[in-house]
Amino acid sequence: AEEGSIVSTRFSLRDTPKYKEGFTHFDYVNPDAPKGGSITLSSTGTFDSFNRYSQRGDVAEGSDDLYDTLMKGSDDEIDVLYPLIAEKLEYAKDHTWIIFYIDKRAVFQDKKPITADDVVFTFHTFMEKGVPHFKSYYKDVAKVEALDSQRVKFTLKLPRIDLLHSLAGLNIIPKHYWEKKDFSEPATEVPLGSSGFTIDSFKMGQYVVIKRLKDYWAKDLPVNKGRHNFDFIRYDYYKDEAVTLEAFKAGEFDFRSENVATQWATLYTGDNFDKKMVLKEEIPHEIPQAMQALIYNTQREVFKDIRVREALIYAMDFEWMNQHLFYNQYTRTRSYFQNTEYEAKGLPSKEEIACLDPVKDKIPPRVYTHEYKPPVTDGSGNIRPQLREALALLKEAGWEIKDKKMVHKTSGKPMEFEVLLYSPTMERITIPVQDNLKKLGITLNIRRVDTTQFINRLRERDFDMVSGGYSANAFPSSNLKVAWHSGYLDSTYNTAGVTDPAIDYLVEKIDQHQTDKAALLSYGRALDRVLQWNFFVVPEWHLSKFRIAYWNRFERPAVRPKYSVGFPDTWWIDKDKDDKLPKRNTSK
Amino acid sequence: MTAYILRRLLLVIPTLWAIVTINFFIIQVAPGGPVDQFIAKLQGIDSGVMEQVSGEGKAEITKTDIKEKSTYRGAQGLDPEVIAEIEKRFGFDKPIHVRYFKMLKDFLLFDFGNSLFRGGSVIGLIVERIPVSVSLGLWSSIIIYLVSIPLGIKKALKHSSRFDIWTSTVIIVCNAIPVFLFAILLIILFAGGTYFNWFPLRGLVSVNFHELSLIGKVLDYFHHMALPTLALVIGGFATLTFLTKNSFLDEISKQYVTTARAKGLTENRILYGHVFRNAMILVIASFPSAFIGLFFTGSMLIEVIFSLDGMGLLGFQATLQRDFPLMFSTLYIFTLMGLILSIISDITYTIVDPRIDFEKNS
Amino acid sequence: MKKIHEEQWNRFKANKRAYYSLYLFSFLFLISLFSELIANEKPLLIYFDGGFYCPFIKEYAETSFGGEFETTADYADPYVIELINAKGWIITPIIPFSYHTINYNLEGPAPAPPSRANWLGTDDRGRDVVARLLYGFRISVLFGLTLTLFSSAIGITAGAVQGYYGGTVDILGQRFIEIWSSLPTLFLLIILSSVVQPNFWWLLGITLLFGWMSLVSVVRAEFLRGRNFEYVTAAKALGLSDGRIIFRHVLPNAMVASITFMPFILGGSITTLTSLDFLGFGLPVGSPSLGELLAQGKANMQAPWLGISSFVVLSVMFSLLVFIGEGVRDAFDPRKVY
Amino acid sequence: MKDALLTIENLSVSFQMGKRTTRAVENVSLFLQKGETLGIVGESGSGKTVTAMSILRLLPGSAVYPSGAICFNGKNCLTIPDDDIREIRGNRISVIFQQPMTSLNPLHRIGKQVKEILFLHQDISHAEADKKALSWLERVGLKNPATKLSSFPHQLSGGERQRVMIAMALINEPDILIADEPTTALDVTVQAQILDLIRDLQKELGMAILFITHDLGIIKRIADRVAVMKDGQIVETNVPDIIFNSPSHPYTKHLINSEPKGKPDPVDDRDETLIDVSHLKVFFPIQKGILRRTVDYVRAVNDISFTLKKGRTLGIVGESGSGKTTAGFAILKLNRSTGKILLGKNSLNDLDKNKIRELRKRMQIIFQDPFGSLNPRMSVAEIIGEGLSIHNPGITPKDEEEKIIVVMEKVGLDPETRDRYPNEFSGGQHQRIAIARALILKPEFMVLDEPTSSLDRSVQFQVLELLKSLQKEFHLTYIFISHDLKVVKSLCHDIIVMKDGVIVESGPSEKIFSHPEQEYTRQLIATAFH
Ligand SMILES: Nc1ncnc2c1ncn2[C@@H]1O[C@H](COP(=O)(O)OP(=O)(O)OP(=O)(O)O)[C@@H](O)[C@H]1O
Ligand SMILES: Nc1ncnc2c1ncn2[C@@H]1O[C@H](COP(=O)(O)OP(=O)(O)OP(=O)(O)O)[C@@H](O)[C@H]1O
Ligand SMILES: [Mg+2]
Ligand SMILES: [Mg+2]
């Protein structure tokens, strides 16, 4: 070990790793799960390539699983890594370099050993031929070198632990295979991988069968123990959703996770369900949820006024929608850290107040005095009380109703704006909002364009309001900067076009405290509050359940991984159940 | 005539050039391009319209992706440098005229290049889709021709009879059936888990196709083709039947038919031997092109619903994705073919009816 | 009416199906023209506090009835109804929903099954299906009729001129059409929808711009043949102008394909609109559209009333049109025995 | 009568068009014995064709039979099943249609159409059929029968088509031949040849013939018995001798007495020249193969020149297929020709289309095939009135209607029928519609291509008188194409004799008729006035 460095078999960004050194398996697996059998799953669309990293082509299911990473995370923690190809690592305390020690046993699928050279090759290949943002993300990597056949060192230009951490997640590709091939081009033959899976057979665009390699060198490593219990996983490709569901019900494939409320509520019925041959289950989970919302473009004159932004939120009658459109399956989203400990609840704590102090007078006062809650209605569709609130706010902001239209007092301009969508589903959601806004004399135009146009206008920031979201945050990561910092106004980041010094300050702070769990907790919650009370979005909803249905032939560990449903990772086939099912088309 | 054909063949060149040029500029100057599409794909919103067609991703919630962790920055947006990089990759860093002349040169050499978003070359993509297209096109056309023409003739003979009325009603109602609803209905009824599980749900052949005997292969193929073909033809009888009927009605009372009758020909021989050619000039002349067109039949919705990879979907997606090479090349190839076919069809006219010529009217 | 037209009309009438279809179609279309009176959230007439109000013509603020908001009154709101009923009465249309009215008082989730309030249920946004069908039918028929009329007129003329004159006119015309028809309609529509909010007229314009070519080639072919007939020579010998020969002599005898295709072109125009709506490049979001209803029918397999009712409307419409078309054909057939 | 081959008893035929019923034939009774020729003569539109067509049930669907029976072989042709009647058609009973021009399938080659009937009723090899077809075309006097076999109908002249029809009817050697004006488009020599042929066959096979014609000369020559029809009824039946010498019915008398007689009205030599044709040529390419290469030309009109003075009638006579119709078309600029054509001072071959169109009011044509020249979708009134409204844009509908009525009456058509479509008329009526259409414009120059071939003597007389009086009154100029030399003689001032596309002889009418120079002409005249 070098001076001033840390050597470890585990690598965590913030938390102490849950699993001790020398653990044998994750908690959420059954280490003795019987292996074997084959299952069929479905996929949508088509595929024409097995090279997950080519710049074009539709990759087949399973192409992702062809490669192992240097280290591997568990499904019940965030950002904690355990040995896989790399048996241990060593990194500088100042976070400027890292060395991975490659397991001597590690081999590619052709039994050639995985060496440091392969890692170097991998990194260079990704930099040169990988997706464009790989290059920009890793631009701070100064050097990659193979110290010897088992050790590889990455040196950074500046200290960044998150970068070091993410390097551990590199998928390692075999140099001797890719050297002669163009990595950026789609592959029609199955590439040589580094993992325990390969593709056994396929028909382009139609199906692909993934095979578990029985002689996989790492199959008994703690990160793999009890996982990958099926010999074959076959993916059949469908193009139509209704047909896919029908196929599932016909027994063409084994497992399905539903994401449409109506279908979940109405279409999972029939003989096979009654006879318990197919099981329908809702499994609650605590996975961090995205902030799905209608986002204001705060660069637009109307939406510069925070009161206007607040007022319009009252037009979304979530309770009615939930009852009448979603079978009461959803929960209103209120936080940018939904389902995490970083979610701001109640009133700010001392620590939070301390964090907020420097920007005290640049944030809405209610941050200190109120807990943020999106408006709640009685679900009858009658939202008079809410409209009253909205009207009051709008009046305050200098708007009035004239000739039954909401107009600006001074300019006399009516309030009219457009929401930009690309998906027909969103129409269904925005139409009731439009209807309610009409009652306020406000015109909302719903504009649906294709995705190309959508992105085009997003890039040009040519929209009033857009249906979109902020991706889920398991913790306050440095990505918050690109989402909210005023410095990102001229990119496709920062959708809401926020230029708020307080927020800039907070996200910068978060960026600086990436490894300090306690600080992140306060800053994260503080940021959440500030964002909430700034009303940048009309928040929508989320679902904290898995809606799954499967043919009754599986068994699964008693403990479910916290952040995943665990299928097909940890489940196995129960022979008895399987035998009771009628013969179906799903065998390989 | 020979001179005419020669002239027509020569005219193909400027026409093709004009088509390619006009399309190139229209498509290139239109806002939004492959770059946006690529970004959309990176941000995970590449479904768009396909979603309406396939019903995919109509979830009211963003997917809780089990595999993908929250660190993926691309989902939030892209840096300007990255976008510049993408633009370069798609060749948008070059001025438009450079791109234009490059395309012209490539087309002259019949070099169609690669798709922007899919694996494989443009030609490869098209060739791959021919089996599906031919299958759909061939069977559906055969059925439509075999049913519509005799039916139309019979209806002409029995004009205004009860037979005429009920067949009209049936084919019109069939014509009004929205293809995709019907297709889905077929699947639910005959291939789903709820009612009869008689037919396969997807694909052109079974997975174990190569293991089957020859007869098995044939049966398997038709087993798979049955529902898509049915869905495709159901609405297709109306026009041809009515065209046949009306054309026959127009001809059937002409004097030469009486002559034929006076010769003692049977009604069928009169209809098929004499009237047919007179009445069906349009149909006959369009047949060569219809026949070659079979190889490129596409019906997007049928392909989507029966999970087939055919021309229809390819073209539609190419447009949506702004996959320019694919768009232009298919346009180029199909137009070229179309131009030749129209010449063939014109020649057919003159063969079917020797009185037809293309000279200037005196 | 000239005697000959009278005969034609008689011949048309002799085809009972066509005759009744025409009546039924005109009736339905007429009704749909008055959709606002039949299906509307706005009452036809309100008597309130000694005065009469006509909300379906004029907008009244809620405050006019003593309510609190100065915006247009929402007559579906029980609060407003109560206010009015306290001092007067309301006459509502038979279907108290317009195509865009969301029925907030649904029993269960939308799409709601047929019920007393919503005869054919609601769509998946809680809007009344009957009202949407009614308005959708009107828009479809108007679109179809206009498009068919113009596109056939242009297409037939172009085909006729090409076929009749032949030679250079034909050669150039064909080339023009080849080039024109190569333009990617769908793409242009997509682009258009990004530049403007496509409305009825835009869609009509674009589809017309690219839709007129369907008849050209058949008409041309029929003209190439028809121009050689003896009676055309006779007409020429009479000294008729080309226009007259084309339209009076060749065309009526070269109309088989056109007349046959016409109802289908109409149907096709309607389908074009529905499929554009289906794909989402059609009428603005929220417009009454049969295509959108079909799309919903597909997306909501559990709600068959969506697909079925739009299918029934479409097929009835098509059938009527084709039957009328048959009658028209008969009317122009001099040999037709009636 | 017991051993009659065919008997028609009390046959009535009506046409039902909507509410309107047209009675075409009323209570007609006829019989036909083996080996016998029954001639039917009568007024145009009197139901001859309808009666004949009824025998094989060939009338359109609008025909109804209120009464009657047609017995052939002891069976009623009107009621026997379709299969049985089909057995008879073309095999036992053959028909030569009145409209040879439109009776052939336009898209089938002649050979195919002729051979088809052979294959249908005989067991015959292709080679044999070819041979037989060829020999029959030869027998009916077609030149180049081999090329004709591979021609399409539109490439044949009127007379040629008619002979193809005749060949088709005779080739199966039927028991009964129904010949509906079989020789209207044939020149007299060919006509004689055909009649001989028919008579030979009759002798040989004992064939019975139902011969419908307006040509009383022919009737005299070949009929064993004659039936005279008028207004749908048979007014008189008897042997020719009696019919011609002591007719009992007034109509028969009238018919027999209206021979075309007289001479053309004398003309003034100082009249200016109206038509000057020089070196007129019309060639039709002969094309081969899919690519339609032109291998040779049919020289239909091969360098003819003539002049025609105002107020005169020029007769063009000549062999069938000699290019008369083609020349007529060329003179009016209705086909592509080379050479110079002067109408007055206007050179038609140099004027552009619009100029010619303006001249069209001054020059008119009556087509050899009147039915083909009538637009099937226009009513008779529209057909006749159309030119009028075009050339006199100001005319009121009422005036137009009046004029139509007048001209219809003049050509012997019932003005009441003016709202009907052409398909509801008889052959002679078609011809008169065509004449009316031309006459209503009062053109100064007319090409009349066999204008009276389908007209009975009385109507023919009426029409010719009309033409003459118009000529006198308005100083009209005619080109008169006809095979009927008697008519030609009575109408034409000058005559051109054509053969194989060239003029073999021309000159003043009297001179040609009295001193024909060419052998061909002499033969023509001899046959005609024999
Ligand atoms: N298809 C029809 N529909 C209605 N009326 C018809 C039809 N065919 C013929 N007629 C009428 O029947 C009558 C007899 O016609 P037909 O053809 O038998 O006359 P024709 O004696 O052959 O006369 P022509 O010598 O002029 O040929 C005519 O008055 C004609 O108008
Ligand atoms: N379109 C054509 N193509 C080829 N040959 C043609 C065409 N039209 C006419 N002919 C030929 O030209 C010759 C002259 O034809 P035309 O019709 O002028 O004869 P005609 O003198 O009027 O004879 P008829 O007395 O029989 O009517 C004929 O041999 C005919 O076969
Ligand atoms: Mg007759
Ligand atoms: Mg002639």
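For clarity, every value in this text was computed on a predicted model and none was experimentally measured. Chain letters run A, B, ... following the sequence lines, proteins first and then strands; every chain starts at 1.
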Task: Among B:Glu267, B:Arg269, B:His274, B:Arg277, residue most engaged with chain D (heavy-atom pairs, under 4.5 Å) - done: B:His274
Open item on the list: Just so I understand: if I count every heavy-atom pair under 4.5 Å between each of D:His154, D:Met53, D:Met168 and chain B, which residue has the most?
Closed with: D:His154
TODO: Kindly determine whether D:Arg377 and B:Asp250 satisfy salt bridge (Lys or Arg N to Asp or Glu O under 4.0 Å), including the steps that lead there.
DONE: CA-CA 11 Å; D:Arg377 282 178 208 261; B:Asp250 241 38; 2.8 Å; yes
TODO: Taking the side chain as every heavy atom from C-beta outward, state whether B:Asn278 and D:Asn105 have any atom pair closer than 4.5 Å.
DONE: yes
Task: Beyond-backbone contact of D:Arg89 with B:Lys263, side-chain heavy atoms, under 4.5 angstrom - done: no
- [ ] Might you point out which heavy atoms bring B:Pro354 and D:Pro106 nearest each other, and give the distance in Å?
- [x] CG-O, 4.5 Å
- [ ] For D:His121 and B:Gly264, work out which heavy atoms get closest and say how close.
- [x] NE2-CA, 4.1 Å
- [ ] Would you indicate whether the side-chain heavy atoms of D:Thr102 and B:Tyr256 approach each other to under 4.5 Å?
- [x] no
Task: Contacting region of D:Leu104 [heavy-atom separation from chain B under 4.5 Å] - done: backbone
- [ ] Go through the atoms of D:Gln113 and report whether side chain, backbone, both or neither lie under 4.5 Å from a heavy atom of chain B.
- [x] both
Open item on the list: Below 4.5 Å, heavy-atom pairs only: which of D:Leu120, D:Ile93, D:Asn423 has the largest tally toward chain B?
Closed with: D:Leu120
Task: Between B:Asp353, B:Asp357, B:Val275, the one whose heavy-atom pairs under 4.5 Å with chain D are most numerous - done: B:Asp353
- [ ] Can you tell which part of D:Arg109 gets under 4.5 Å to a heavy atom of chain B, answering side chain, backbone, both or neither?
- [x] neither
Open item on the list: If you count heavy-atom pairs within less than 4.5 Å of chain D, which of B:Val352, B:Ile281, B:Thr258 leads?
Closed with: B:Thr258
Task: Atom group of D:Ser103 that falls short of 4.5 Å from chain B, counting heavy atoms - done: both
Open item on the list: Please give me the minimum heavy-atom distance between B:Thr266 and D:Arg86, naming the atom from each residue.
Closed with: CA-CD, 3.2 Å
